Amino acid sequence: MTTTEENTKRIFEIKKQLGEDMLILAHHYQRDEIIQFADAVGDSLKLAQIAEKNKRAKYIVFCGVHFMAETADILTEDWQKVLLPALDAGCPMADMADRAQAEICWDIITKEFGESIVPITYINSKAEVKAFVGLHDGTTVTSGNAKKVLSWGLGYKDRVLFLPDQNLGRNTAVELGIPVEHMALYDPHKQSLEYSCPKEDVKMILWDGFCCLHNDITTDHVEKARAAVPDAKVIVHPECRHEIVKISDGSGSTEYLIKAVKAGESGSKWVVGTESNLVERIKRENPDKSVYLLDPHSICKNMNKTNTANLLDTLEGILKGDFSKQIVVDRETAENSIKSLNTMLSLS
Ligand code: 13P
Ligand code: SF4
């Protein structure tokens, strides 16, 4: 037996032993070797909703990245422990904004626009940023509810500070009919705010952050895919740049991408622009269709850090009472960030 096979066998044994005391959640970008153990697989919205509703599991093992485990810790009860098997699995996009930077930005933009702004943070953000947003009566958002949540924000105040993903902010605002010229860009390093329209027309203040993987997808990838498979539909994640979304046939969360291909006719062809583990799985689950990965470099190193070795280590730790993989958000941060998460969940 290989080490992976031994680990797999032991993980299934511990899963059986712990029963409903343990809940294993996995994001769609996880490797197949991890997906097989998951009690639920989903996009960020679905996993946050499942974590919030579960009042049975003492241990929630989050196979994903750090901000997802933090979110689960905020949404669950104090007696529920959230564990992250790969403690170094961060999200470079979430790391593009911290609370201190958000406070400086707020000073600058409220000097410019007064009290007319509500902050909205992508769920791919640090808990301290969610807390900042909660303190300013804002909300979190995910790619699965972005239109609804942004509509709420623009109904509540004249303009929205959207952080840290400028692409999701821009793409969603365009879907709601806001011209790109009415969007400002805030650079947290230069502490600069740029816009080219009259001040009163600015509806969105986009934080200059992005997901490296999705931001690296170019129009060249789309053009090459269209030339290679002319009758395919190109669908992409909204973390892609606007010029990509504009020339694609559809965009949405990982859950949307899965459903779109599943609903396609037998024999249909699809080019999917998102993380490769998911696209390979969509391919296998739709043998009657042709599915292609838009950019072969779409690999999230952090999502790939969870493996059978660190998952097994986490589970053996639970049996021994070793919770060194636990993610704990401090009380003050949790209390403020839950406001922003609850607003989002009530809108979803
Ligand atoms: P969703 O699964 O919510 O679409 O998010 C994609 C992603 O990049 C998670 O980090
Ligand atoms: Fe972060 Fe992008 Fe990886 Fe998602 S795919 S965890 S946004 S780096």
Side-chain angles (χ1 to χ4, degrees), residues 44 67 71 91 93-143 145-211 215 238-239 241-242 333 336-347:
S44 313
F67 75 82
T71 303
C91 167
M93 181 210 281
D95 291 340
M96 288 180 190
D98 63 30
R99 185 163 172 173
Q101 289 174 318
E103 305 277 7
I104 293 169
C105 169
W106 193 250
D107 275 354
I108 293 173
I109 62 178
T110 51
K111 270 193 193 103
E112 188 84 354
F113 298 107
E115 300 280 294
S116 65
I117 314 161
V118 61
I120 298 185
T121 186
Y122 194 17
I123 200 161
N124 297 36
S125 56
K126 294 172 189 249
E128 65 186 46
V129 171
K130 293 184 178 83
F132 158 83
V133 166
L135 277 168
H136 293 282
D137 296 328
T139 179
T140 53
V141 65
T142 78
S143 49
N145 59 18
K147 246 174 112 173
K148 255 193 218 168
V149 171
L150 185 57
S151 299
W152 169 85
L154 291 167
Y156 178 39
K157 295 275 176 142
D158 289 340
R159 42 193 66 82
V160 164
L161 164 65
F162 196 101
L163 69 166
D165 187 13
Q166 59 167 298
N167 293 327
L168 180 65
R170 187 177 294 108
N171 289 323
T172 314
V174 167
E175 267 198 87
L176 292 176
I178 296 168
V180 279
E181 305 77 55
H182 291 186
M183 302 183 203
L185 190 66
Y186 178 78
D187 181 329
H189 301 290
K190 295 189 199 140
Q191 299 176 2
S192 66
L193 179 68
E194 279 177 19
Y195 54 91
S196 50
C197 62
K199 183 167 148 175
E200 56 282 7
D201 287 345
V202 172
K203 298 298 285 176
M204 297 288 290
I205 301 156
L206 303 169
W207 189 273
D208 191 1
F210 50 84
C211 162
N215 201 62
E239 288 174 14
R241 283 178 292 119
H242 182 58
T333 306
N336 291 317
S337 50
I338 198 144
K339 291 184 205 155
S340 63
L341 283 161
N342 281 342
T343 306
M344 176 189 81
L345 291 172
S346 69
L347 291 166

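Just so we're clear, the structure is a prediction, and the values are computed from it rather than from any experiment.
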Side chain to side chain donor-acceptor pair (under 3.5 Å) evaluation trace for Glu239 with Asn167: CA-CA 5 Å; Glu239 288 174 14; Asn167 293 327; over 6 Å; no
Using residues 185-198 as the side-chain source, report each donor-acceptor pair under 3.5 Å to any protein atom, sequence neighbours left out, with the distance given to one decimal.
{"residue": "Asp187", "atom": "OD1", "partner": "His189", "partner atom": "N", "Å": "2.8"}
{"residue": "Asp187", "atom": "OD1", "partner": "Lys190", "partner atom": "N", "Å": "3.1"}
{"residue": "Tyr195", "atom": "OH", "partner": "Glu112", "partner atom": "OE2", "Å": "2.4"}

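- For the atom pair SG of Cys105 and CZ of Arg99, the computed distance is 14.0 Å after rounding to the nearest 0.5 Å.
- A heavy-atom distance below 4.5 Å is found between the side chains of Thr71 and Leu341.
- Lys157 is not listed as a side-chain neighbour of Ser116, based on a closest heavy-atom distance of 4.5 Å or more.
- Distance check, rounded to the nearest 0.5 Å: CD1 of Ile117 to CG of Asp137 gives 13.0 Å.
- Using a 4.5 Å heavy-atom threshold, the side chains of Ile178 and Leu154 count as touching.
- Between Pro119 and Val133 the shortest heavy-atom distance is O-CG1, 3.4 Å.
- In this structure, Pro164 and Ala97 approach most closely via the heavy-atom pair CB-CB, 4.0 Å.
- For the pair Lys130 (side chain) and Ser125 (backbone), a donor-acceptor distance under 3.5 Å is present.
- Looking at Leu161 and Ile109, their side chains come closer than 4.5 Å, going by heavy atoms from C-beta outward.
- Residues Thr140 and Val149 come closest through the heavy atom pair O-CG1, 3.6 Å.
- No donor-acceptor pair under 3.5 Å is formed between the side chain of Asn342 and the backbone N or O of Lys339.
- Within the 3.5 Å criterion, the main-chain N or O of Met204 finds no donor-acceptor partner in the side chain of Arg159.
- Met183 CE to Leu206 CG: the interatomic distance, rounded to the nearest 0.5 Å, is 6.5 Å.
- Of all non-hydrogen atoms in Thr343 and Gly138, the two that sit nearest each other are OG1-O, 4.1 Å.
- The aromatic rings of Trp106 and Phe132 stand perpendicular to each other, their planes meeting at an angle above 60°, with 30° marking the opposite boundary.
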Asn124 vs Cys211, side chain to side chain contact (heavy atoms under 4.5 Å, CB included): CA-CA, chis, key distance, verdict: CA-CA 10 Å; Asn124 297 36; Cys211 162; over 6 Å; no
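- Rounding to the nearest 0.5 Å places CE of Met93 at 9.0 Å from CZ of Phe210.
- A heavy-atom distance below 4.5 Å is found between the side chains of Ser143 and Leu168.
- Counting heavy atoms from C-beta outward, Ile205 and Phe162 have side chains that stay 4.5 Å or more apart.
- The minimum heavy-atom distance linking Val118 with Gly153 is given by the pair CG1-O, 3.6 Å.
- For the pair Leu150 and Val160, the minimum side-chain heavy-atom distance is below 4.5 Å.
- With rounding to the nearest 0.5 angstrom, the CD1 atom of Ile338 is 12.5 Å from the OG1 atom of Thr333.
- Here His242 pairs with Asn171 under the side-chain hydrogen bond (donor to acceptor under 3.5 Å, both in side chains) rule; sequence neighbours left out.
- Taking the side chain as every heavy atom from C-beta outward, His182 and Val202 never approach each other to under 4.5 Å.
- Minimum interatomic distance between Ala94 and Phe67 (heavy atoms only, all atoms of both residues): CB-CD2, 4.3 Å.
- Without hydrogens or angle criteria, Trp152 side chain to Met344 main chain gives no donor-acceptor distance under 3.5 Å.
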Chi angles and distances behind the side chain to side chain contact (heavy atoms under 4.5 Å, CB included) call for Phe113, Asp158: CA-CA 9 Å; Phe113 298 107; Asp158 289 340; over 6 Å; no
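- Once rounded to the nearest 0.5 Å, the distance linking NZ of Lys126 with CD of Gln101 reads 8.5 Å.
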